[in-house]
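Reckoned from all heavy atoms, side chains included, excluding hydrogens, waters and symmetry mates. Naming convention: chains lettered A, B, ... in sequence-line order (proteins, then strands); numbering from 1 in each chain.
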2 protein chains.
Amino acid sequence: MPVTSGVKNRTRQAILDAAIGLLADNPACSLGDIAAAAQVGRTTLHRYFAERADLMSAVAVEGGQRLVRAARLAELDRGTGGEALLRLCREYFDLGPLLSLIFSEQAGECWEEQDEGSLVAVIERGHRDGSIDPVLPSDWVLSVLWSQLYAAWAYLGERPESSRHHVLDLLTRTLSHSFGPRTPTATEPVRGEAGRGEAGRDR
Amino acid sequence: MPVTSGVKNRTRQAILDAAIGLLADNPACSLGDIAAAAQVGRTTLHRYFAERADLMSAVAVEGGQRLVRAARLAELDRGTGGEALLRLCREYFDLGPLLSLIFSEQAGECWEEQDEGSLVAVIERGHRDGSIDPVLPSDWVLSVLWSQLYAAWAYLGERPESSRHHVLDLLTRTLSHSFGPRTPTATEPVRGEAGRGEAGRDR
DNA sequence: TCGTAGTGGAACACAACTGTTCCATGACGG
DNA sequence: CCGTCATGGAACAGTTGTGTTCCACTACGA
């Protein structure tokens, strides 16, 4: 198949980028707004994506690809599970507005698919190698990861004075503390955990 | 002013409850849906809230009141800053769907207002008494608090098999780890009522 | 120069939501 | 029994977004 002329590729990409940017702020924004943001006529937008649903699924596919690319860059096989997860977090942070979109789960729903599985594998590796608290279920760890990722992105957006680097620093700090049984400079036996030992937690 | 008849109060409250529940899932839901969920005619809804904006601001006011009430129940003055923040978190968790609404910041915008200030005060107290890592800015701590609160609520909603108590437990664990520089036993205040005197853990 | 690919604008019908008006009904107290 | 109170339904006009059609314009290669 011909590679759709290059011009069409660029137009299509511009529409997708605009869609991601606008939908992140307002998942109910109109196609007219998206077309305008992409500097494209609404007619042209409809020429590329016949219905709104088509655009949405294309955005989902694009987002999924970016996620996979980020995961590859993070080299999840390297180091402990906890380290890999933090590297992934840095890569994800660069996804920008896509974070809002994924987190609000407005567009598609199959963001992760195959991804989900490999991330769980990384977390379980962390459970075994001691870099992630084994008490925390994998899907809970993922929830915390995504929520803090989104929080960091929103935090950066609301505070132009704080640098991307600074926010990323706060993020990795709180995240690693959340997961690690006691990652930072082994502060010593936590295991005592007074008060909660006997309570029949967990069912 | 008369207390608006009691019946009207109940109707008004039913509409507000339905609105909070539906808007949490879909901030763009129609007034017809809200009226139906409240088991009320659309006409009646318009009789209480002339325009959509009126309903939205009433929801914002209602939410703000619930926030203040939760903060009062948390007795923020007691114990270390970190302990107070975790107690607040438990109270906030009970707000249910309101969490989604507040977090997405769709409705009004003045959710916190006066609240914001007192929360920052609690966090700064935690900075001083050593229960919250002084390196973390107050607003970042708040961001993490809200995002994980929302994540926990969503987590519970997607997994009917996990108990409210279990999720709350995961939440306080990861949250306290996020904030505390070295406060392993900070998760103690699970009971709440008993063991007051132990609070003197600050340095 | 001509034909084509890619585009944009104008117009249209259609659907959904909104806000309003008018009227009918059931409950309740005097 | 009658009046009011609170309500629900039906109908309407107005707005906004959607999806489609048709036509005009520009750039570019043969």
Just how far, in rounded Å, is C1' of D:dT7 from CD1 of B:Ile15? 11 Å

Whole angstroms only, please: what is the CG-P distance between B:Asp54 and C:dT18? 13 Å

State, with a plain yes or no, whether a side-chain heavy atom of A:Phe49 is found less than 4.5 Å away from one of A:Arg12. yes

Could you list by number each residue of residues 44-51 of chain A showing a heavy-atom separation from DNA chain D of less than 4.0 Å, or answer none if no residue does? A:His46, A:Ala50, A:Glu51

No-H, no-angle donor-acceptor pair, A:Thr43 side chain to C:dG8 base, under 3.5 Å: no

Check if the side chain of A:Arg42 and the base of D:dG19 share a donor-acceptor pair of N or O atoms closer than 3.5 Å. yes

When you check the side-chain N and O atoms of A:Glu83 and A:Ser131, is any donor under 3.5 Å from an acceptor? no

Atom pair distance, as rounded to whole Å: CD in A:Gln39 and P in C:dT7: 13 Å

Separation of B:Leu31 atom CG from D:dG14 atom P, in whole Å? 20 Å

Does the ring center of A:Tyr155 lie less than 6.0 Å from the ring center of A:Tyr150? no

Between A:Lys8 and C:dG6, does any side-chain N or O lie under 4.0 Å from OP1 or OP2? yes

Whole angstroms only, please: what is the CG-C1' distance between B:Leu22 and C:dC17? 15 Å

Taking the ring centre of each residue, are A:Phe103 and A:Trp153 less than 6.0 Å apart? no

DNA chain D nearest-nucleotide lookup for B:Val40 and A:Cys29: closer to the 5′ end is B:Val40

When you match B:Arg12 and A:Arg52 each to their closest nucleotide on DNA chain D, which lands nearer the 5' end? B:Arg12

What is the distance, to the nearest angstrom, from the CG atom on A:Asn9 to the P atom on C:dA5? 17 Å

Residue pairs passing the salt bridge (Lys or Arg N to Asp or Glu O under 4.0 Å) test with at least one member in residues 150-165 of chain A, sequence neighbours excluded, are A:Asp94-A:Arg164, A:Arg159-B:Asp139

Counting only heavy atoms from other residues, nucleotides and ligands, does the tally under 6.0 Å from CD of B:Gln39 exceed 12? no

Going by side-chain hydrogen bond (donor to acceptor under 3.5 Å, both in side chains), name the residues that satisfy it together with A:Ser57, two or more places apart in sequence or in a different chain. none

